[in-house]
Amino acid sequence: MSGFLNILKPPGMSSHDVVGYVRRVLHTKKVGHAGTLDPAAAGVLPVAVGTATRLIEYLEITDKTYRAEIRLGITTDSGDDTGKILTSRTDWSEFDRSAIEAALAGFRGNIRQTPPAHSAIKINGQRACDLLRAGKDVEVPSREVTIYRLDLLAHSHDRLLIDCDCSKGTYIRSLCQDIGAALGVPATMAFLLRRRVGDFSVENALTLEELSAAGAEALLPADENLSSMQRFDLNPKREKAFCNGLSSTVRNFTAETESLRVYADGHFIGIARYDKDKEEILPVKVIGR
C-alpha cells in the first residue's frame with residue numbers, strides 16, 4: 001500500500017493528529033504529511049503512505065495557495081487570534097479599497113518576512129515554539145519569499161479577506177501582521193484556509209469521514225501530484241540498474257527541471273537528476289513498481 005491522500009484538515013486538529021487518524025483507518029504505520037498546518041487552520045494537507053513518504057520533500061517545496069482573514073486592531077504573540085493580545089487599538093478610520101490595494105501592492109513579488117516565533121521553524125536544530133515553551137528567548141531570522149498573487153476579496157472596518165499564491169516558506173501569519181503595519185494599524189490572522197499545495201486542491205480534498213468510507217481506495221498514485229517535474233522515460237532495460245542506484249548514460253537530453261520523474265514501461269519508478277557533463281541519469285529516490 002503506497003500513495004498520497006489529499007486530506008481536508010479540519011480546524012482543531014494538528015497535522016500530526018491527521019497522520020494518526022490515517023494510520024488507524026489504513027492500518028499502517030508508515031504515514032507522513034507535507035507542509036504543517038496550525039491546529040486552528042483548515043485546508044489541504046497532503047498525506048503520504050508507504051514508500052510515497054520518500055517523496056514528501058518534493059511536495060514541501062511546491063507553491064501554495066491560501067485564503068486568510070485579517071483582523072485589524074490587535075497583535076498577538078502567536079500572530080493569530082489564538083494568542084495572547086500584545087497591542088490593541090480602535091482609533092482608526094475605515095480604509096477604502098484603494099488604500100488597502102496600495103498596501104497590498106508592496107507585498108507582491110519577492111519580499112522579506114520574519115516568521116513568527118510560535119512556529120515549527122528550526123533554530124540551531126530546535127523548533128522555535130519548543131524554545132519558547134522552555135522559556136528561552138527566540139530570535140527568528142528573516143527570509144526571502146515570493147508572493148505570486150495577492151488579492152483582496154472583501155473588507156470591512158476591522159476585517160480583510162485575502163487570497164494569496166506564494167512560495168514555500170511563506171508564513172501567512174507574518175504576512176497578515178505586515179499588511180496591518182503597512183496600513184498603520186495592529187493586525188493578526190483570524191482564520192486560515194490552505195486551498196492548494198502544488199497539484200493538491202481543496203476542491204478535490206477528502207474529509208476524514210470520506211476517507212473512513214473509502215479506505216485504501218482513496219490513495220492516489222505516488223506520481224500523480226508531481227507535475228512540476230519533467231517526465232523522463234528510461235530505457236526499460238535499465239530499470240533494474242536504476243532501482244539498484246546505478247546511473248544510465250543518456251545522450252542529447254535537455255533537463256528542464258532539476259528533478260525528473262522517471263518511468264520504465266509506463267510505470268513510475270522514482271526521482272532522478274541529470275548530470276549534463278557526464279550525460280547520465282542519476283537515481284535520487286528509488287520507488288520501484
Side-chain angles (χ1 to χ4, degrees), residues 1-7 19 22-23 25-36 44-65 146 148 165-169 194 196-206 211 214-289:
M1 183 165 49
S2 176
F4 280 104
L5 296 168
N6 182 6
I7 300 297
V19 166
V22 172
R23 285 173 175 156
V25 169
L26 299 185
H27 306 290
T28 183
K29 292 183 178 180
K30 199 168 185 180
V31 179
H33 68 81
T36 300
V44 172
L45 183 70
V47 175
V49 178
T51 54
T53 55
R54 303 189 65 212
L55 302 173
I56 285 176
E57 64 184 273
Y58 299 101
L59 291 179
E60 291 181 330
I61 64 174
T62 58
D63 300 338
K64 300 171 179 65
T65 297
T146 304
Y148 302 106
D165 291 339
C166 56
S167 67
K168 72 179 182 72
R194 186 159 66 191
R196 182 183 62 86
V197 177
D199 293 335
F200 290 88
S201 69
V202 69
E203 288 80 9
N204 300 320
L206 295 176
L211 171 64
E217 291 183 3
L219 283 168
L220 302 169
D223 64 319
E224 189 165 303
N225 294 280
L226 299 174
S227 66
S228 61
M229 299 182 195
Q230 181 182 358
R231 174 173 175 145
F232 178 80
D233 287 280
L234 185 69
N235 185 332
K237 295 179 180 180
R238 296 295 300 169
E239 178 179 358
K240 184 176 181 181
F242 181 93
C243 292
N244 287 330
L246 301 176
S247 62
S248 297
T249 299
V250 178
R251 312 282 186 195
N252 301 317
F253 175 71
T254 301
E256 298 172 358
T257 57
E258 182 178 351
S259 298
L260 305 170
R261 291 176 291 141
V262 180
Y263 295 78
D265 272 337
H267 296 278
F268 174 65
I269 59 172
I271 306 295
R273 66 178 180 86
Y274 183 64
D275 188 319
K276 183 179 178 181
D277 295 331
K278 295 182 179 179
E279 294 187 306
E280 290 181 340
I281 290 290
L282 306 172
V284 176
K285 296 280 184 179
V286 174
I287 302 300
R289 298 202 185 195

Exceeds 12 heavy-atom contacts within 6.0 angstrom, atom NZ of Lys168: no

For Glu258, is the CD atom crowded, meaning more than 12 foreign heavy atoms sit under 6.0 Å from it? no

Stepwise, does the side-chain contact (heavy atoms from CB on, under 4.5 Å) test hold for Leu45 with Arg194? CA-CA 8 Å; Leu45 183 70; Arg194 186 159 66 191; 3.7 Å; yes

Where do [X] and [Y] come nearest, in terms of heavy atoms and distance?
X	Y	answer
Thr51	Ser2	OG1-OG, 2.8 Å
Ala34	Leu59	CB-CB, 3.9 Å
Phe242	Ala272	CE1-CB, 3.8 Å
Arg273	Val284	N-CG2, 3.8 Å
Leu260	Met229	C-SD, 4.3 Å
Ala216	Met1	CB-SD, 3.8 Å

Can you check whether Tyr58 reaches Ser259 side chain to side chain, under 4.5 Å on heavy atoms? yes

Evaluate the criterion side-chain contact (heavy atoms from CB on, under 4.5 Å) for residue pair Asp165 and Asp63; output intermediate values, then yes/no. CA-CA 7 Å; Asp165 291 339; Asp63 300 338; over 6 Å; no

Kindly compute the distance separating [atom1] ([X]) from [atom2] ([Y]), expressed to the nearest 0.5 Å.
X	Y	atom1	atom2	value
Ile7	Leu206	CD1	CG	5.5 Å
Phe200	Lys64	CZ	NZ	11.5 Å
Ile271	Leu282	CD1	CG	13.5 Å
Phe4	Leu55	CZ	CG	5.0 Å
Lys278	Thr249	NZ	OG1	10.5 Å
Thr62	Asn225	OG1	CG	9.5 Å

Examine distances only and state if a side-chain atom of [X] and a backbone atom of [Y] form a donor-acceptor pair shorter than 3.5 Å.
X	Y	value
Gln230	Ala255	no
Asn6	Val44	no
Arg196	Gly198	yes
Asp199	Ser227	yes
Asn235	Lys237	yes
Thr53	Ala48	no

Pairing residues for Thr257 by the side-chain hydrogen bond (donor to acceptor under 3.5 Å, both in side chains) criterion, not counting sequence neighbours: none

Not counting sequence neighbours, which residues clear side-chain hydrogen bond (donor to acceptor under 3.5 Å, both in side chains) with Tyr263? List them please. Asp223, Arg261

Taking the six-membered ring where the residue is Trp, are the ring centres of Tyr274 and Phe232 under 6.0 Å apart? no

Identified side-chain contact (heavy atoms from CB on, under 4.5 Å) counterpart of Leu219 within the set Leu211, Val47, Leu5: Leu5

side-chain hydrogen bond (donor to acceptor under 3.5 Å, both in side chains) with Ser248: which of Arg238, Glu279, Glu239? Arg238

